[in-house]
Amino acid sequence: GAVVSQHPSWVICKSGTSVKIECRSLDFQATTMFWYRQFPKQSLMLMATSNEGSKATYEQGVEKDKFLINHASLTLSTLTVTSAHPEDSSFYICSARKRLAGGTEQYFGPGTRLTVT
Amino acid sequence: AQKITQTQPGMFVQEKEAVTLDCTYDTSDPSYGLFWYKQPSSGEMIFLIYQGSYDQQNATEGRYSLNFQKARKSANLVISASQLGDSAMYFCAMREGNAGSARQLTFGSGTQLTVLP
């Protein structure tokens, strides 16, 4: 397998502030990383696809100016929630794609629980 | 239209018994992969099992097996000899394209499994 870490694992912030979440592939290089959002008792919804060295591709309905994604290296992608509001409170999960001999595989981080007060 | 459908929001099973979690999918792509993930209350996504659309045999991984019925477009997960630690949310997911596809995973709505002592 492969290890993907996220930091922080949980964060509480005040409304109007910005929060940065880091996603790292610890033992492999990930040319593509994905950011998901999950509300309680619901499924994972893809927010954006992040490719190293290029702009992220956002899913329909996701505000790119509010959810800033930076994939600066092959092992790090960051999601910044700008001017956070209580409705942004959610569980954010990143996933990193690893190339294998027979194809690719996607490995998930442990998630970051964001609470905006 | 939903690409992945899980019709059982919640399931109960007695410890040591087997349980089947339903998943149907919809795609026109001849190449695709089907995945099952377990998400305990901690939030991490744990990969359980994978089935490729061209795989001739049903996938098995320990106590997990995937009942793949291609004509019916179903990919049910069977957990044998349930354990208390199996209590979690289970997600079925699909990735369209071949094994090297850069496309993202699409998740179903999930099934909350509770194993009773």
Side-chain angles (χ1 to χ4, degrees), chain A residues 1-6 8-11 21 23 30-52 54 56-60 62 69 89-115, chain B residues 2-11 21 23 25 29 31-55 59 61-62 87-114:
Chain A
V3 181
V4 177
S5 70
Q6 276 185 247
S9 55
W10 60 270
V11 57
I21 302 170
C23 176
T31 54
T32 303
M33 288 186 174
F34 304 92
W35 286 96
Y36 295 85
R37 180 174 182 176
Q38 185 182 29
F39 291 108
K41 307 283 187 195
Q42 293 189 23
S43 187
L44 281 71
M45 299 301 297
L46 181 68
M47 299 175 66
T49 302
S50 164
N51 291 299
E52 187 265 338
S54 62
T57 302
Y58 290 81
E59 294 299 302
Q60 192 173 9
V62 178
I69 292 173
S89 298
S90 188
F91 192 58
Y92 292 87
I93 306 175
C94 75
S95 175
R97 172 168 286 146
K98 177 182 181 182
R99 289 206 173 275
L100 302 174
T104 64
E105 194 46 75
Q106 216 171 307
Y107 297 92
F108 287 86
T112 297
R113 200 165 300 279
L114 170 64
T115 302
Chain B
Q2 290 283 342
K3 289 200 169 187
I4 295 285
T5 302
Q6 294 180 253
T7 57
Q8 307 154 315
M11 286 282 285
L21 306 184
C23 173
Y25 59 92
D29 199 320
S31 297
Y32 52 89
L34 298 159
F35 302 76
W36 276 93
Y37 288 88
K38 172 184 178 181
Q39 187 181 41
S41 56
S42 59
E44 61 182 312
M45 295 291 285
I46 302 170
F47 167 75
L48 296 178
I49 197 166
Y50 167 82
Q51 179 86 43
S53 60
Y54 293 116
D55 292 344
E61 288 286 349
S87 293
M89 189 73 136
Y90 288 80
F91 290 101
C92 179
M94 177 175 66
R95 182 176 65 210
E96 293 169 300
N98 57 32
S101 169
R103 298 191 214 177
Q104 74 278 5
L105 289 169
T106 301
F107 287 87
S109 55
T111 296
Q112 179 68 48
L113 176 67
T114 302

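Each chain gets a letter, A, B and so on, in the order its sequence line appears, and its residues count up from 1. What's counted below: heavy atoms across the whole structure, side chains too, no hydrogens, waters or symmetry copies.
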S.K.: What's the spacing between B/L105 CG and A/S95 OG if we round to 0.5 Å?
M.R.: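 With rounding to 0.5 Å, CG (B/L105) is 6.5 Å from OG (A/S95).
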S.K.: Given that the side chain runs from C-beta out, which part of B/I46 has a heavy atom under 4.5 Å from chain A: side chain, backbone, both or neither?
M.R.: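 No part of B/I46 comes within 4.5 Å of chain A.
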S.K.: In terms of heavy-atom proximity below 4.5 Å to chain A, should B/Q39 be classed as side chain, backbone, both, or neither?
M.R.: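 Only the side chain of B/Q39 comes within 4.5 Å of chain A.
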S.K.: Are B/Y37 and A/F108, when compared by the centres of their aromatic rings, separated by less than 6.0 Å?
M.R.: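 Yes.
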S.K.: Calculate, to the nearest 0.5 Å, the distance between atoms CZ and OG belonging to A/R113 and B/S42 respectively.
M.R.: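 A/R113 CZ to B/S42 OG: 9.0 Å, rounded to 0.5 Å.
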S.K.: Is chain B contacted by the side chain of A/L46, its backbone, both, or neither, given a heavy-atom distance below 4.5 Å?
M.R.: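 When you check distances to chain B, only side chain atoms of A/L46 fall under 4.5 Å.
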S.K.: Would you mind checking which part of B/M45 comes under 4.5 Å of any heavy atom in chain A, side chain (CB onward), backbone (N, CA, C, O), both or neither?
M.R.: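 Looking at B/M45, backbone and side chain both touch chain A.
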S.K.: Check whether A/S43 reaches the backbone of B/G108 with its side chain - one donor and one acceptor, N or O, closer than 3.5 Å.
M.R.: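 Yes, A/S43 side chain to B/G108 backbone: donor-acceptor pair under 3.5 Å.
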S.K.: State whether the number of non-hydrogen atoms from other residues, nucleotides or ligands found under 6.0 Å of B/M11 atom CE is greater than 12.
M.R.: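 Correct, the count exceeds 12.
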S.K.: Check whether any side-chain heavy atom of B/F91 sits under 4.5 Å from a side-chain heavy atom of A/Q38, and report yes or no.
M.R.: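 SC-SC contact between B/F91 and A/Q38 confirmed.
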S.K.: Heavy-atom distance under 4.5 Å to chain A: side chain of B/T106, backbone, both or neither?
M.R.: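 No part of B/T106 comes within 4.5 Å of chain A.
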S.K.: What part of A/Q42 gets closer than 4.5 Å to chain B, counting heavy atoms only: side chain, backbone, both or neither?
M.R.: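 The backbone, not the side chain.
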S.K.: Report yes if some heavy atom in the side chain of A/Y36 is under 4.5 Å from a heavy atom in the side chain of B/F107; otherwise report no.
M.R.: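 The answer is yes; the side chains approach within 4.5 Å.
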